[in-house]
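A short write-up of the structure that comes next.
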Amino acid sequence: MSESVIRHDWQLDEIEALFALPFNDLLFRAQQVHRQHFDPNEVQVSTLLSIKTGACPEDCGYCSQSAHHDTGLERERLLPIEEVVAAAKAAREKGATRFCMGAAWRNPTDRNLDRVIEMIQAVRALGMETCVTLGMLGAEQAVRLREVGLDYYNHNLDTSPEFYGNVITTRTFEDRIETLKHVREAGINVCAGGILGMGEAPRDRARMLQELANLPEHPQSVPINLLVQVEGTPLFGVDGIDPLDFVRNIAVARILMPRSHVRLSAGRTDMSDELQALCFLAGANSIFYGERLLTTDNPDADHDHRLFERLGIHVLAAPADEQKVCCGA
Ligand code: SAM
Ligand code: DTB
Ligand code: SF4
C-alpha cells in the first residue's frame with residue numbers, strides 16, 4: 001500500500017468521484033488512509049464551554065445565538081474566570097484533554113482578548129490543551145494568542161463559497177479565509193470545518209471539503225457538524241442529510257486531509273451509536289465530549305464512555321501525559 005500523499009491541489013471532479021464510489025469502497029479507502037497516519041482505535045476528546053452567550057450581531061442562519069433570530073436564548077455576559085476554571089477542571093476529571101471556549105462575537109475587541117488570555121493561561125495551568133473560537137481575528141490578535149500558548153483556534157468555513165450567502169450575510173467567505181490566514185501565520189493550530197444538513201447540494205459538500213483541503217496547510221483539526229436544528233432560526237425544519245451521506249463526507253475528509261483530526265462534532269444526539277461507529281470507521285477520530293456543546297445538548301459522558309468501551313476505543317491522552325486513559329475511567 002503506497003503512502004498517501006499530502007495534496008493541496010484537489011480538483012472538484014476528483015472529489016466528486018470519491019463521493020460516487022460504492023459506500024464500501026469509499027470506507028475501505030478512508031480506513032486505509034486513516035491507518036497510515038493514526039491509531040485507528042484512538043479518539044481525541046475536547047469539551048466545549050460557551051464563555052459568552054447570545055446577542056451576537058452576526059446573522060448565521062443555523063445559530064441559536066444570533067440577535068437576528070428569536071430563539072428564546074438568554075444572553076449572558078463574559079463568564080468570570082473562576083467559572084471557566086471550574087468547568088475546565090470538571091472536564092479534565094471526566095477525561096477531556098482539550099478545553100474549547102466559544103464566544104458569540106463577530107470579533108473580539110482587544111479588551112475582550114485580555115480577558116480571554118487570562119482564561120487560556122488558567123486552563124493551560126491545569127495541563128489541558130486550549131482552543132478558542134471568538135469570531136474574526138486580526139493578525140496582531142492572533143500573534144498575542146500564540147504568545148500566551150493557545151494551542152488551537154476554531155473558525156469554520158461552514159459551507160461552500162457558493163452556498164455561503166444562503167446562510168450568512170453579515171460576513172463573507174473571504175473574511176473567514178482571512179482569519180484562518182492570520183491564525184495559521186501566527187503559528188496556532190487551525191481548527192476549521194463546517195456544517196452539513198443545511199439544505200446544501202452534494203456539490204456544495206464537495207466544494208467545502210475542496211476549500212479546506214486546498215488551504216496552504218491542512219487544518220490540524222476538521223470539525224464536521226451535523227446541523228442542530230434550533231427553533232426560531234431560519235434553518236429550522238430544513239430537509240436534513242441522508243445519514244449515510246454524512247458518513248461519506250467524513251470518509252472523503254479523511255482521504256483529502258490524511259493527517260488531520262476529523263471531528264464528529266455537533267449533532268451526535270440525533271445519531272444512533274451505530275451511525276457514530278460508521279463515522280469512526282470512515283476516519284473520524286475526535287469528538288466533543290460532555291453534556292453540552294455551546295448552547296445545545298450533546299450525549300451524556302457516560303453514554304460516550306460506554307460507546308467507546310463497546311467499540312474498543314481509547315482516548316488520546318494530553319500531550320504531557322504518557323499514559324492512555326479511557327474517558328470517565
Ligand atoms: N462566534 C464565533 C464564530 O462564529 O466564529 C464562534 C462560535 S460559533 C457557535 C462556532 C461554530 O459552531 C460555527 O461556525 C458553526 O460551524 C458551529 N455551529 C453553530 N451553531 C450550530 C448548529 N446549530 N449546528 C451545527 N453547528 C453549529
Ligand atoms: C464546531 O465546529 N462546533 C462547535 C465548536 N466548533 C465551537 C460548536 C457547535 C455548536 C452547536 C450548537 C450549539 O450548541 O449552540
Ligand atoms: Fe454569532 Fe458565531 Fe453564532 Fe454566527 S455562529 S451568530 S458569529 S455566535
Side-chain angles (χ1 to χ4, degrees), residues 46-76 78 98-108 112 116 130-137 152-159 163-164 167-173 175-180 182-183 190-200 208 212 219 221-238 240-241 246 253 261-271 284 286-299:
S46 299
T47 292
L48 280 166
L49 177 70
S50 180
I51 55 170
K52 189 268 165 190
T53 304
C56 183
E58 302 293 285
D59 70 351
C60 311
Y62 47 78
C63 188
S64 62
Q65 306 200 65
S66 166
H68 298 255
H69 324 314
D70 188 5
T71 62
L73 188 76
E74 287 219 11
R75 70 177 292 176
E76 283 172 22
L78 189 59
R98 189 178 307 159
F99 195 63
C100 178
M101 296 168 268
W105 288 322
R106 174 176 164 82
N107 55 269
N112 291 150
V116 173
T130 51
C131 173
V132 294
T133 177
L134 313 172
M136 292 191 280
L137 205 63
Y152 289 81
Y153 194 88
N154 166 244
H155 198 67
N156 290 338
L157 294 185
D158 277 353
T159 188
F163 191 68
Y164 186 90
V167 182
I168 301 146
T169 69
T170 49
R171 73 164 77 132
T172 65
F173 190 86
D175 288 333
R176 290 178 183 259
I177 297 283
E178 190 68 9
T179 290
L180 293 183
H182 295 154
V183 173
V190 170
C191 173
I195 310 179
L196 303 176
M198 299 195 293
E200 72 285 347
M208 180 181 88
L212 290 167
S221 172
V222 180
I224 305 291
N225 295 276
L226 173 65
L227 175 69
V228 178
Q229 296 206 2
V230 178
E231 219 171 326
T233 60
L235 290 180
F236 183 71
V238 76
I241 175 175
F246 186 88
H261 273 88
V262 175
R263 181 172 305 114
L264 175 56
S265 303
R268 289 197 300 118
T269 49
D270 291 331
M271 296 180 196
S286 171
I287 59 163
F288 286 122
Y289 171 71
E291 282 73 18
R292 205 93 182 125
L293 292 166
L294 290 173
T295 67
T296 66
D297 290 342
N298 199 39

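Just the heavy atoms: all of them, side chains too, but no hydrogens, waters or symmetry mates, feed the values below. We count ligands from 1, going down the list as the structure has it; atoms in each ligand are counted the same way.
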F288: heavy atom below 4.0 Å from ligand 2, yes or no?
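It does; at least one heavy atom falls under 4.0 Å.
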
Flag [X] as yes when one of its N or O atoms lies below 3.5 Å from any N or O atom of ligand 2, and as no otherwise.
X: A266; value: no
X: T296; value: yes
X: N154; value: yes

Per-residue contact class, [X] against ligand 1 - non-hydrogen pairs under 4.0 Å:
X: T296; result: neither
X: S265; result: neither
X: R106; result: neither

Is ligand 1 less than 4.0 angstrom away from at least one heavy atom of C56?
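Contact check C56 vs ligand 1: negative.
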
Is the distance from atom 4 (Fe) of ligand 3 to some N, O or S atom of C63 under 2.8 Å?
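Under 2.8 Å: C63 has no N, O or S contact with atom 4 (Fe) of ligand 3.
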
Would you mind listing which atoms of ligand 2 come within a distance below 4.0 Å of any non-hydrogen atom of T133?
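Once the distances to T133 are compared, the set is 7 (C).
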
Which of the atoms of ligand 2 are close to S64, meaning less than 4.0 Å from one of its heavy atoms?
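Under 4.0 Å from S64, ligand 2 has these atoms: 15 (O).
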
Proximal ligand 3 atoms for A104, defined as those under 4.0 Å from one of its heavy atoms
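Under 4.0 Å from A104, ligand 3 has these atoms: 8 (S).
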
Proximity winner for atom 12 (O) of ligand 1, if only heavy atoms of T71, N156, L48 are counted:
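Nearest heavy atom to atom 12 (O) of ligand 1 lies in N156.
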
Measure from atom 6 (C) of ligand 1 to every heavy atom in T133, L293, T53 and give the option owning the shortest one.
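Checking each option, the heavy atom nearest atom 6 (C) of ligand 1 is found in T133.
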
